[in-house]
Amino acid sequence: MASKNFSQRVLAFCQRIPRGRVCTYGQIARAIGRPQAARAVGSALRKNKYLIKIPCHRIVLSDGRIGNYQKGRRRKMKLLESEGVKIERGRIIEFDKYLFKV
DNA sequence: ACGACGGCCCTCG
DNA sequence: ACGAGGGCCGTCG
């Protein structure tokens, strides 16, 4: 069903996000045709087992805050910073600059 | 099948 | 700027 493809679609989309760029949960929800399912996107990512192959740390909140992560936000921030994303007080600086537009 | 629980988002005040 | 509240939806037990 649609929900079967749902997580697959989400993960597939994540793989397209370049290093050093970010996307929002809602953005992805819209991109895969489920504009109201932003929260469900998080549920799908929560189960992502291929953390290396699928960079789910590049998904953040719509207001530029980091949001949660399977391995903890701390880890998520480190990863983003290691890709050149500037973060200050738990929020991404120059958010729209790093935002990967679809 | 059902209900709770999230890696959310938007709208007020 | 900031918190509270309501809405939404896939996943798991």
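Order of the sequence lines fixes the chain letters, A, B, ..., with proteins taken first and strands second; residue numbering starts at 1 for each chain. Reckoned from all heavy atoms, side chains included, excluding hydrogens, waters and symmetry mates.
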query = Within this structure, what is the OH-to-C1' distance between A:Tyr25 and C:dC8, rounded to whole angstrom?
reply = 16 Å
request  = Please tell me which of A:Ala44 and A:Gln36 maps to the more 5' nucleotide of DNA chain C, matching each residue to the nucleotide holding its nearest heavy atom.
outcome  = A:Gln36
message = Only pairs with both distances under 3.5 Å count, Watson-Crick or wobble alike; so what is the partner of B:dC12 in this structure?
response = C:dG3
task = Using a heavy-atom cut-off of under 4.0 Å over every strand shown, decide if A:Ser62 touches base, sugar-phosphate, or nothing.
result = sugar-phosphate
request  = Would you give the length of the straight line joining atom OH of A:Tyr25 to atom CG of A:Leu61, rounded to the nearest 0.5 angstrom?
outcome  = 6.5 Å
request  = Would you mind reading off the distance between A:Asp63 atom CG and B:dC10 atom P, rounded to a whole angstrom?
outcome  = 9 Å
message = What is the distance, to the nearest angstrom, from the OH atom on A:Tyr69 to the P atom on B:dC8?
response = 14 Å
key: Nearest-Å distance for atom pair CG/P, residues A:Leu61 and C:dC2   = 15 Å
ask   = Has A:Arg91 got more than 12 heavy atoms of other residues, nucleotides or ligands less than 6.0 Å from its CZ?
value = yes
task = Confirm from the modelled atom types if A:Arg39 and C:dG10 form a donor-acceptor pair under 3.5 Å, side chain to base only.
result = no
query = What are the two closest heavy atoms between A:Gln27 and A:Lys101, and how far apart are they?
reply = NE2-CA, 4.0 Å
request  = To the nearest Å, give me how far apart CZ (A:Arg30) and P (C:dC9) are.
outcome  = 15 Å
query = So what does A:Leu45 hit on the nucleic acid, given a heavy-atom distance under 4.0 Å: a base, only sugar-phosphate, or nothing?
reply = base
query = Rounded to the nearest Å, what distance is computed from the CD atom of residue A:Gln27 to the P atom of nucleotide B:dC10?
reply = 11 Å
task = Give a yes or no on whether a salt bridge exists between A:Glu83 and A:Arg58, defined as a side-chain N under 4.0 angstrom from a carboxylate O.
result = yes
ask   = Choosing from B:dC8, C:dT11, C:dG10, which nucleotide comes nearest the side chain of A:Ala40?
value = C:dG10
query = Under 4.0 Å between a side-chain N or O of A:Ser43 and OP1 or OP2 of C:dC9?
reply = no
remark   = A:Asn5 atom CG is separated from C:dC9 atom C1', nearest whole Å, by 16 Å
request  = Compare side-chain N and O positions of A:Lys47 against OP1 and OP2 of C:dC12 and report whether any pair is under 4.0 Å apart.
outcome  = yes
request  = State whether the number of non-hydrogen atoms from other residues, nucleotides or ligands found under 6.0 Å of A:Phe100 atom CZ is greater than 12.
outcome  = yes
task = Please work out if A:Ala37 contacts a base, only the sugar-phosphate, or nothing of the nucleic acid, heavy-atom cut-off 4.0 Å.
result = sugar-phosphate
Between P of B:dC8 and CZ of A:Arg58, the distance in whole Å = 19 Å
